[in-house]
Enquirer: 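Dropping the structure in here first, questions after.
In what follows, every heavy atom counts, from backbone to side chain, and hydrogens, waters and symmetry copies are set aside.
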Amino acid sequence: MSNYDIFAKAKAEIDARRSAARAEAEGRCEIVRSESEEIAKIDAELSGTGMLIFKTACLGGDITPIKERNKALQAKRRELIVGLGYPEDYTDVHYTCEECSDTGFIDGTKVCGCLKELIIKERIASSAMGRLIERQSFDNFDLERYCKSPKGVCFFSLLFFS
C-alpha cells in the first residue's frame, strides 16, 4: 500500500469520527427539542443569528446587541437542558480527539498525534508484520528458544545478565 493510500485511509477514519460525533450531537439536539418546545424555539432563533449578524455588519450596523442576545439565548438553552436532567454540555459535539476536533490537524497545519497514530497503525496493518505484531511482544519473548548449549546456559544470558 502506498504512503498516499495509507494517509487517505487514516484520514478517512478521522473524518468518519468527526461525522459520527456531529451526528450524535445532532441526535441529542433532536431529543432535547422534542422534550422542550422552548429549546426548539431558541434553536430556531439561534440558527438565524449568523445571517442577521452578516446583514447588520454589511449595512454598517452595530452587531453587539445581536451577540449579547445570542449569548443570553445560549445560556437559557443550557439552563433548560439541565432542567431536563441532562448535563449542560449534552448537545455539544464530543470529538474523539479534543486537540484537533477530529480533523487530524492542529491549527490547520500541524499533524495531530491521533492522525499520526492511525497512520502508524495502517502502515503496520499493510505490512507483512501486521499479524506478527499482534501476537508477539516482549511479554511473551523467551530467550531460551535461542539457547543451543547442552548445559542449558544461554549465550544471551551470559552476555547480558552476568
Enquirer: Should Lys55 and Ile66 count as side-chain neighbours, where that means a heavy-atom distance under 4.5 Å?
Expert: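 Counting from C-beta outward, Lys55 and Ile66 never come under 4.5 Å.
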
Enquirer: Could Lys9 and Glu13 be called an ion pair, given the rule that one side-chain N must be under 4.0 Å from one carboxylate O?
Expert: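 The answer is no: the pair does not qualify as a salt bridge.
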
Enquirer: A side-chain contact here means heavy atoms from C-beta on lying under 4.5 Å apart; do Glu68 and Lys71 qualify?
Expert: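 Heavy-atom side-chain distance check fails, nothing below 4.5 Å.
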
Enquirer: What heavy-atom pair brings Ile81 and Pro87 nearest, and what distance separates the two atoms?
Expert: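 Scanning both residues completely, I find the closest heavy atoms to be CG2-O, 3.4 Å.
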
Enquirer: Any side-chain to backbone donor/acceptor pair from Asp102 onto Cys97? Under 3.5 Å, distance only.
Expert: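 Yes; judged by distance alone, with no hydrogens or angles, the pair exists.
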
Enquirer: With heavy-atom distances below 4.5 Å as the criterion, would you say the side chains of Cys112 and Thr103 are in contact?
Expert: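 Result no, sub-4.5 Å side-chain heavy-atom pair not found.
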
Enquirer: Report the residue from Arg18, Lys11, Arg17 that forms a salt bridge (Lys or Arg N to Asp or Glu O under 4.0 Å) with Asp15.
Expert: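 When salt bridge (Lys or Arg N to Asp or Glu O under 4.0 Å) is applied between Asp15 and each of Arg18, Lys11, Arg17, only Lys11 qualifies.
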
Enquirer: Nearest heavy-atom pair of Val32 and Arg77: which atoms, and what distance?
Expert: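 Heavy atoms only, the tightest pair is CG2-NH2, 4.4 Å.
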
Enquirer: Run the salt-bridge test on Glu45 and Lys41 with the 4.0 Å N-O cut-off and return the result as yes or no.
Expert: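 Salt bridge: no.
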
Enquirer: Do any N or O atoms from the side chain of Ser19 and from the backbone of Ala16 form a donor-acceptor pair under 3.5 angstrom?
Expert: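 Answer holds: no.
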
Enquirer: Going hydrophobic residue to hydrophobic residue with side-chain gaps under 4.5 angstrom, can you get from Leu80 over to Leu46?
Expert: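 Yes; tracing contacts between hydrophobic side chains, which count when under 4.5 Å, links both residues.
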
Enquirer: Would you say Asp107 and Thr109 are linked by a side-chain donor-acceptor pair, where the criterion is simply a distance under 3.5 Å?
Expert: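 There is no such pair between these side chains.
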
Enquirer: Between Leu84 and Tyr90, is any pair of side-chain heavy atoms under 4.5 Å apart?
Expert: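 Answer no - side chains too far apart.
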
